[in-house]
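Working notes, structure below.
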Number of protein chains: 2
Amino acid sequence: MKKELDLIKDCGQKILAISDTMEILNGKWKMSIIACLCYKPMRYSELLKEVKGISGKVLSRELKDLEINELIEREVLTTAPVAVEYRITDYGTSLKQLTDTIADWGFIHRQRIISGMKTG
Amino acid sequence: MKKELDLIKDCGQKILAISDTMEILNGKWKMSIIACLCYKPMRYSELLKEVKGISGKVLSRELKDLEINELIEREVLTTAPVAVEYRITDYGTSLKQLTDTIADWGFIHRQRIISGMKTG
DNA sequence: CAGAATCCAACGGGATACTG
DNA sequence: CAGTATCCCGTTGGATTCTG
C-alpha cells in the first residue's frame, strides 16, 4: 500500500519534469532543429532545406525560442551577402540523447505502420 | 567532403523520424499521460488528478488519440457507478525509455533554472 | 541571404454547463 | 463517475510580400 503511494508520488515528480521539458520543446519543429544542429552548425537557409516542411516565419520563431533557452547560439558572419550561423550550445548537446531516442522510436513506429498495422 | 554529405543525408533521415514521433506525441500532455500509465493502470479521474493542469476535455481527446495509435487501452468496468480503466499497451511501453529520458532532462533543466541561470 | 510584416486558417486548450 | 457540448481565446503555422 505504502509502496503504491510512493510510486504515485514518484510518478507525480516525473509528470512535472516531463511537463517542464515539453514546455521548452513544444511545437513539432524544435527537436528537429536541435537534432540538425547537433550534426553541424548551419545557416538559416540550410535549416530551411533540412527541416523539411517548416516555413520561414516558424523557423525564425523557433530559433529565437531556442536561443532564449540557451540551447543554440546565433552568430552573424560579416561576409559579403551576410550570413548567419546557428550552433548548438554545450547545454543544447544535453538534448542529443533525447533526439536519438525520439528518432529511434520514430523509425520503429514507421516500421510498424508500413508493416500493415498487424494487430499487435 | 563526401563524409559531410553522408552526415547530412543521415541527418535528413533522423529529422524525418523525429517529425514522425512528434506527430504522434504532439501537445504537451501525451508524454505525461504515457508516463503515468507506465506506473499503473488508472481511471479517468485519477489521470485528471495526476496529470496536473490538464482539463477534462483535453484529457478525453488525448486519451482517444493515444488509443487510436494503440499506445493505450481502454476498458469499461461494469461496476456500480461505472468505471473506466486506461492501461498502457505493450507497444506503449516502448515509449517508457523515452519518458524517462525526457523526465531526466526536465530535472536537469529545472536545476539549471533554479540555480540562477549560471552561465555554462 | 536572413529575416520581419501582414493576413489568415486551423488547432490547442481552459471554463463551464450538461448528459447518462 | 466519465465523459460530451459549447464558447472563446491564444498560439501555431502556412503563404506571401517587403526590407536591409
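Per chain, numbering begins at 1; letters A, B, ... match sequence-line order.
One finds a salt bridge joining B/Arg112 and A/Glu70 here, because a Lys/Arg side-chain nitrogen approaches an Asp/Glu carboxylate oxygen to under 4.0 Å. A salt bridge links B/Glu62 with B/Lys30: the distance from a Lys NZ or Arg NE/NH1/NH2 to an Asp or Glu carboxylate oxygen falls below 4.0 Å. For the pair A/Glu46 and A/Lys40, the salt-bridge criterion is met [side-chain N within less than 4.0 Å of a carboxylate O].
Close to D/dG3, at under 4.0 Å from its OP1 or OP2, lies a side-chain N or O of B/Tyr86. In terms of phosphate contacts, B/Ser45 brings a side-chain nitrogen or oxygen within less than 4.0 Å of OP1 or OP2 of D/dA2. Taking 4.0 angstrom as the limit, B/Arg43 places a side-chain polar atom (N or O) nearer than this to OP1 or OP2 of D/dA2. Put simply, B/Arg61 has a side-chain N or O that comes within less than 4.0 Å of OP1 or OP2 on C/dG12.
When the C1' atom of D/dT11 is taken as reference, atom CD of A/Glu23 falls 12 Å away, rounded to whole Å. Distance CZ (B/Arg74) to C1' (D/dT4): 12 Å, rounded to an integer number of Å. Atom CD of B/Glu75 and atom P of D/dG3 are 13 Å apart (whole Å). Separating the CD atom of B/Glu62 from the P atom of D/dA2 is a distance of 18 Å, rounded to the nearest angstrom. If you measure from atom CG of B/Leu59 to atom C1' of C/dG12, you get 14 Å, rounded to the nearest angstrom. In this entry the distance linking CG of A/Leu63 with P of C/dA4 reads 10 Å, nearest Å. One can place CE of B/Met22 at 16 Å from C1' of C/dC11, the figure rounded to the nearest angstrom. Per the geometry, CE belonging to A/Met42 stands 13 Å off P belonging to C/dA2, to the nearest Å.
Closest-nucleotide positions on DNA chain D for A/Asp65 and A/Pro81 were compared, and the one nearer the 5' end corresponds to A/Asp65.
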Start with the C-alpha distance between B/Lys96 and B/Asp100, add both sets of side-chain angles, then the distance that settles salt bridge (charged side-chain N to carboxylate O under 4.0 Å, His left out), and finish with yes or no. CA-CA 6 Å; B/Lys96 184 165 189 330; B/Asp100 289 342; 3.3 Å; yes
Are B/Glu85 and B/Arg43 close enough, and set up right, to give a salt bridge (charged side-chain N to carboxylate O under 4.0 Å, His left out), and what steps lead you there? CA-CA 5 Å; B/Glu85 194 172 88; B/Arg43 304 223 309 272; over 6 Å; no
Whether each nucleotide of nucleotides 14-19 of chain D has a protein heavy atom under 4.0 Å at its base (B), only at its sugar-phosphate (S) or at neither (-) is summarised, 5' to 3', as BB----
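Heavy-atom contacts from other residues, nucleotides or ligands closer than 6.0 Å to NZ of A/Lys52 number more than 12.
The closest donor-acceptor contact from the side chain of A/Thr89 to the backbone of A/Leu71 lies under 3.5 Å.
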